[in-house]
Amino acid sequence: MKYLVFNPLRANLLNVLILALPLLGFVSLTMGQGCTSTIIGSVLQLMPCQPAVAAFAAELPSESCCAALTELGQPCLCMLINGPPIAGLDRSLALQLPAKCAANFDPCSIAP
């Protein structure tokens, strides 16, 4: 039988997401880049990547992270990188995910 293990880092990120939901209003922010997901949906899809994009505790992306990244796609990753700040997401580490996962993505343009 597999037991659930409490992960405080993941719990903190989920708490932030739960608090941010009303603020974001479930608005689909596509920023004209072709992403069909909301910011919340994109963040939830990239949950397996959380250890790889957490500041001060970054790990190499797991196989499940790379699969989630590939499924999410470059437009949605760029939306997250250029969107509002997200607690637990280091943008410079997120920019490195496609190279670390050998995903064939064009680089994201960084908004000023």
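Keep in mind it's a predicted model, so treat the numbers as computed, not measured. For reference, positions follow the sequence shown, starting with 1.
At a threshold of 4.5 Å between non-hydrogen side-chain atoms, the residues Lys100 and Cys66 do not count as touching. The shortest side-chain heavy-atom distance between Leu89 and Leu46 does not fall under the 4.5 Å cut-off. The side-chain heavy atoms of Leu77 and Pro98, taken from C-beta on, include a pair separated by under 4.5 Å.
Residue Leu72 holds its CG atom at 6.5 Å from OG of Ser37, rounded to the nearest 0.5 Å. From Gln96, atom CD reaches atom SG of Cys101 across 11.0 Å, with rounding to the nearest 0.5 Å. In this structure, Leu69 CG and Gln74 CD are separated by 10.0 Å, a value rounded to the nearest 0.5 Å. One finds the SG atom of Cys65 at 10.0 Å from the CG atom of Leu60 (value rounded to the nearest 0.5 Å).
Annotation for Leu80 and Arg91: closest pair O-NH1, 3.6 Å, computed over non-hydrogen atoms. The shortest non-hydrogen separation linking Ile39 to Pro84 is CD1-CD, 3.6 Å. Nearest heavy atoms, Cys108 versus Ile81: SG-CD1, 4.0 Å. Closest non-hydrogen pair, Met79 versus Ser42, comes out as CE-OG, 3.4 Å. Nearest heavy atoms, Ser64 versus Ser62: OG-OG, 3.0 Å. Between Leu93 and Ala52 the shortest heavy-atom distance is CB-O, 3.8 Å.
Here the side chain of Glu59 pairs no donor or acceptor atom with the backbone of Pro51 at under 3.5 angstrom.
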Practice item. Could you give me the CA-CA distance, side-chain angles and deciding distance for Cys76 and Cys35, then say whether disulfide bond (SG atoms under 2.5 Å apart) is met? Key: CA-CA 5 Å; Cys76 293; Cys35 178; 1.9 Å; yes
